[in-house]
Colleague: 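The structure is given below, and queries will be raised subsequently.
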Amino acid sequence: MSVRVRFAPSPTGFLHVGGGRTALYNYLFARNMGGTFILRSDDTDRARSTTEFQQDILDSVAWLGLDWDEGIEVGGSSESYRQSERLARYQEVAAQLVADGKAYHSFASPEQLDEFRKEAMKEGRSPAYDGRHEPDPGEAAALVAAGEPATVRFAVPRPGTTVFTDVVRDEVTFDHLQVDDFVILRSDGTPTYHLASTVDDVDFGITHVIRGEDLLSSTPKHILLTEAMGAQRATYAHLSLLMGPDGKKLSKRHGHTAIKAYRDEGYLAPAVVNYLALLGWSPGDDETVVDLDEMIRRFDLNAVSKNPAIFDTDKLDWMNGVYIREMNPDQFVASVLDLVEAGLGRSLGEDEQATLVEIAPHVQERAKHLTEVPDQVRFLFSEIEYDESSWQKVMTKEGADVAVSAARDSIAGLESWSVEAVEAALRGMLEAKGLSARKGLQPLRVAISGSSVSPPLFESIVALGKERTLERLSRAHSLQA
RNA sequence: GCCCCCAUCGUCCAGCGGCCUAGGACUCCGCCCUUUCAAGGCGGCAACGGGGAUUCGAAUUCCCCUGGGGGCGCCA
């Protein structure tokens, strides 16, 4: 039987990094096995679900490059991949379970349930509700007929246990004393997550359920439901959760958790994917930079780590730099052009774009985030302001004024305008004035870029152009006096 | 309170009874390269949570403890 997996987020928030990793592992497993990757929406919580979140999730999964074979926007054998559009089916299943005696109408009030749980905890028992406050079947039927509001609960067989083999955790056992008679249909007739998700998994022929560990203890419910429907249980794989740097559950206070935020911060999707993949899995040898195709080839669900991983952006930052350097130059320019223009607040003319292309390789080598690029190239496209500390550090040093004026003179006389020619002229100047490269060249950097940190000097000068270079050297020199 | 899961450098991962004086990557620290900043090269610091047991032999198996995480809703 061919593998079918699904990523089934609830659109109650932006797609966060943990969700992204779950989607990725589903994707890698499906592709590795030649299976089908399905994207569905578990939007049974209509109060909290929004179309904005839904769109964010779709966009984010697509941005990561995880294309899905069936589901929202692409369709498939099911009429809908949104739970909000499949209510009738869930109600049908619930009715059948009641008819089969595997579920029952429940009239217990919230107060009664609350009381029951409190008492159980106080006495050291599991707070799992076992249906003890329900009327007998005959009376229940009468109440339903009379229109008395009721939820539908699944009748968990007790005593009993559910044992299953989790792909990442091996054998897991739950005593049914710990599993309560969970609600499958609310009193307003809508399904709960457990019902909707399980029915979908059965209906869509999901063979492997790969999801977060937070659902591990709900798994007996899903298995019980599946089998009560007369279907075969899926294979489960529960991924450990992602933690913040303090070891606590990852949340907003740890910085960005939304996938989209990483895109906005100048991260490359392949870098994010690579980093996320390594949070709980490794290709086996000592490699850390692995592209998607390679991951697909080597992915093994059995090799996924059981321990929770801390999401620490240091390594992601490094990896992003690696991926930026690996881009081909055209790609790099294309991906920073918008950022540069946005930073400038205007679009670049043709000549300016050529200048950007010229300097791009030198900033590509240095950037960890695409978002750093605008600042690094700004001096080429707009007037500069001298960075105060750079000026103090460099321009007030002995010899700085000599270097700037001598550099101006040597450049002014240049016939050809190339990196080689500029370098030769300036090195000649250093020699003539007896200045070290450090003492003689740093002032020029500040003079033309405004900062003591910039792309390589000779390349920067050439990109700036002769006229503007001379202007800036003159201006700097006049300020030095 | 009850149940479940987890436990190797600060972090991510390798290790699946002898190849381990525990390996790689990130971070950090030196040095080299160098016109700045990066990148790159070389080197360094740094871990098997504790206690039992099994075994000729344990990071690897078992038990207990401790620590961390998750769950216990008419949320998902």
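Residue numbers begin at 1 in each chain, while the letters A, B, ... track the order of the sequences.
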Colleague: Take atom CD1 of A/Ile57 and atom C1' of B/rA76, then tell me their distance rounded to the nearest Å.
Modeller: 12 Å
Colleague: If we check salt bridge (Lys or Arg N to Asp or Glu O under 4.0 Å) with A/Asp180, which of these qualifies: A/Lys221, A/Arg158, A/Arg125, A/Arg153?
Modeller: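 Passing option: A/Lys221.
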Colleague: Within this structure, what is the CG-CG distance for the pair A/Asp312 and A/Leu242, rounded to the nearest 0.5 Å?
Modeller: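 With rounding to 0.5 Å, CG (A/Asp312) is 11.0 Å from CG (A/Leu242).
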Colleague: Taking atom C1' in both B/rA25 and B/rU21, what distance in whole Å separates the two?
Modeller: 22 Å
Colleague: Look through every strand shown and name the nucleotide pairing with B/rA47 as Watson-Crick or G-U wobble, where both distances are under 3.5 Å.
Modeller: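 Matched B/rA47 with nothing under the 3.5 Å cut-off.
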Colleague: Sugar-phosphate atoms are those with a prime plus P, OP1 and OP2; base atoms are the rest. Using that split, label each nucleotide of nucleotides 3-9 of chain B B, S or - for protein heavy atoms under 4.0 Å, 5' to 3'.
Modeller: SSBSSS-
Colleague: Respond yes when some side-chain nitrogen or oxygen of A/Thr44 is under 4.0 Å from OP1 or OP2 of B/rA76, and no when none is.
Modeller: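 Answer yes for this pair, as a side-chain N or O of A/Thr44 is under 4.0 Å from OP1 or OP2.
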Colleague: Please give the distance between the P atoms of B/rC6 and B/rC65 as a whole number of Å.
Modeller: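 That atom pair is separated by 16 Å.
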Colleague: For A/His194, enumerate each residue passing the ring pair (Phe, Tyr, Trp, His ring centres under 6.0 Å) test, keeping only those at least two apart in sequence or located in another chain.
Modeller: A/Phe182, A/His222
Colleague: Going by side chain to side chain contact (heavy atoms under 4.5 Å, CB included), name the residues that satisfy it together with A/Asp166, two or more places apart in sequence or in a different chain.
Modeller: A/Phe164, A/Val168, A/Arg169, A/Val172, A/Leu216, A/Tyr236, A/His238
Colleague: I'd like the P distance from B/rG40 over to B/rG18, given in whole Å.
Modeller: 36 Å
Colleague: Choose from B/rA76, B/rA14, B/rC74 the nucleotide whose nearest atom is closest to any side-chain atom of A/Leu113.
Modeller: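 Looking only at side-chain atoms, A/Leu113 lies closest to B/rC74.
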Colleague: Hey, does A/Ser240 reach any base, or is it just sugar-phosphate, or nothing, if we go heavy atoms under 4.0 Å?
Modeller: nothing
Colleague: Please classify the nucleic acid contact of A/Met243 as base, sugar-phosphate, or nothing, using heavy-atom distances under 4.0 Å.
Modeller: sugar-phosphate
Colleague: Ignoring hydrogens and geometry beyond distance, is a side-chain donor-acceptor pair present between A/Glu134 and A/Ser106 at under 3.5 Å?
Modeller: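 Yes, a side-chain donor-acceptor pair sits under 3.5 Å.
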Colleague: Rounded to whole Å, please give me the gap between CE in A/Met319 and C1' in B/rU27.
Modeller: 14 Å
Colleague: For A/Ala8 and A/Gly124, take the nucleotide of RNA chain B holding the closest heavy atom to each; which residue's nucleotide lies nearer the 5' end?
Modeller: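 In this pair, the answer is A/Gly124.
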Colleague: Hey, is CD on A/Glu431 packed in by over 12 heavy atoms from elsewhere, all under 6.0 Å?
Modeller: no
Colleague: Tell me the interatomic distance from A/Lys221, atom NZ, to B/rG71, atom C1', rounded to whole angstroms.
Modeller: 8 Å
Colleague: Any strand is fair game: report the nucleotide pairing with B/rC26 by Watson-Crick or G-U wobble, both distances under 3.5 Å, or none.
Modeller: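 Pair assignment: B/rC26 / B/rG10.
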Colleague: Under 3.5 Å, is there a donor-acceptor pair linking the side chains of A/Arg445 and A/Ser454?
Modeller: yes
Colleague: Between B/rC13, B/rA76, B/rG70, spot the one nearest the side chain of A/Leu241, thanks.
Modeller: B/rG70
Colleague: B/rA53 pairs with which nucleotide, Watson-Crick or G-U wobble, both distances below 3.5 Å?
Modeller: B/rU61
Colleague: Is a donor from one side chain sitting under 3.5 angstrom from an acceptor on the other, for A/Asp387 and A/Ser389?
Modeller: yes
Colleague: Which part of the nucleic acid, if any, lies within contact of A/Leu316, taking any heavy atom under 4.0 Å across all strands shown: a base, the sugar-phosphate backbone alone, or nothing?
Modeller: nothing
Colleague: Taking atom C1' in both B/rG15 and B/rU61, compute the distance separating them and give it to the nearest angstrom.
Modeller: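 It works out to 15 Å between them.
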Colleague: Can you find a side chain N or O atom of A/Lys315 that sits less than 4.0 Å from OP1 or OP2 on B/rU27?
Modeller: no
Colleague: Taking atom types as modelled, is there a side-chain donor on A/Asn320 or A/His369 under 3.5 Å from an acceptor on the other?
Modeller: no
Colleague: Look at all strands and tell whether A/His238 reaches a base, only sugar-phosphate, or nothing, counting heavy atoms closer than 4.0 Å.
Modeller: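 If one applies the 4.0 Å heavy-atom cut-off, A/His238 turns out to touch nothing in the nucleic acid.
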Colleague: In whole Å, measure the gap between the P atoms of B/rA76 and B/rA38 for me.
Modeller: 50 Å
Colleague: How would you label the contact of A/Gly280 with the nucleic acid (heavy atoms, under 4.0 Å): base, sugar-phosphate, or nothing?
Modeller: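 Touches sugar-phosphate only.
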Colleague: Using atom P in both nucleotides, what's the gap between B/rU54 and B/rC62 to the nearest angstrom?
Modeller: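 Pairwise P distance, B/rU54 against B/rC62, rounds to 15 Å.
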Colleague: Round to the nearest Å and state the distance from A/Asp181 atom CG to B/rG73 atom P.
Modeller: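 Answer to the nearest Å: 12 Å.
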Colleague: To the nearest 0.5 angstrom, please state how far the CE atom of A/Met429 sits from the CZ atom of A/Arg408.
Modeller: 13.5 Å
Colleague: Under 6.0 Å from the six-membered ring centre of A/Tyr129 and within 45° of its axis: does the NZ or CZ of A/Arg132 meet both?
Modeller: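 So A/Arg132 doesn't make the cation-pi contact.
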Colleague: Nearest whole angstrom, please: distance from the P of B/rC2 to the OH of A/Tyr129.
Modeller: 23 Å
Colleague: Looking only at atom P, what distance separates B/rC45 and B/rG51, rounded to whole Å?
Modeller: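 The answer is 25 Å between these two P atoms.
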Colleague: Quiz question: by atom type and distance under 3.5 Å, do the side chains of A/Ser451 and A/Arg378 form a donor-acceptor pair?
Modeller: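 The answer is no; no qualifying pair exists.
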Colleague: Just checking, is any N or O donor in the side chain of A/Tyr81 or A/Asp200 under 3.5 Å from an acceptor N or O on the other one?
Modeller: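 The answer is no; no qualifying pair exists.
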Colleague: Is the shortest distance from a Lys or Arg side-chain nitrogen in A/Lys122 or A/Glu119 to a carboxylate oxygen in the other one below 4.0 Å?
Modeller: no
Colleague: Expressed as a whole number of angstroms, how long is the span from A/Glu119:CD to B/rG1:P?
Modeller: 18 Å
Colleague: Which nucleotide, if any, forms a Watson-Crick or G-U wobble pair with B/rC2, using both distances under 3.5 Å?
Modeller: B/rG71
Colleague: Which nucleotide, B/rG73, B/rG68, B/rA76, lies nearest any side-chain atom of A/Lys248?
Modeller: B/rG68
Colleague: Quick one, which residues of residues 81-93 of chain A touch RNA chain B with a heavy atom under 4.0 Å?
Modeller: none
Colleague: I'd like a list of close polar pairs between nucleotides 62-64 of chain B and the protein, N/O only, cut-off under 3.5 Å.
Modeller:
none

Colleague: Taking NZ in A/Lys118 as the centre, count heavy atoms belonging to other residues, nucleotides or ligands within less than 6.0 Å. Is the count above 12?
Modeller: no
Colleague: Can you measure A/Lys118 atom NZ to B/rC2 atom C1' for me and round it to whole angstrom units?
Modeller: 17 Å
Colleague: Looking only at atom C1', what distance separates B/rA47 and B/rC5, rounded to whole Å?
Modeller: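 Approximately 23 Å lies between the C1' atom of B/rA47 and that of B/rC5.
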Colleague: Salt bridge (charged side-chain N to carboxylate O under 4.0 Å, His left out) between A/Arg40 and A/Asp42: does it pass, once the steps are laid out?
Modeller: CA-CA 7 Å; A/Arg40 98 158 89 111; A/Asp42 282 16; 3.0 Å; yes
Colleague: Assert yes or no for the condition that the ring centre distance of A/His254 to A/Phe311 is strictly below 6.0 Å.
Modeller: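 No, ring centres 6.0 Å or more apart.
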Colleague: Which parts of nucleotides 28-49 of chain B does protein reach within less than 4.0 Å, heavy atoms only, written one letter per nucleotide 5' to 3' as B for base, S for sugar-phosphate only and - for none?
Modeller: -------BBBBSS---------
Colleague: Using a cut-off of strictly less than 4.0 Å, decide whether A/Arg48 has a side-chain nitrogen or oxygen near OP1 or OP2 of B/rA76.
Modeller: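 It does not, given that no N or O in the side chain of A/Arg48 lies less than 4.0 Å from OP1 or OP2 of B/rA76.
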Colleague: Please state how far atom OH in A/Tyr25 lies from atom P in B/rC13, giving the value in whole angstrom units.
Modeller: 8 Å
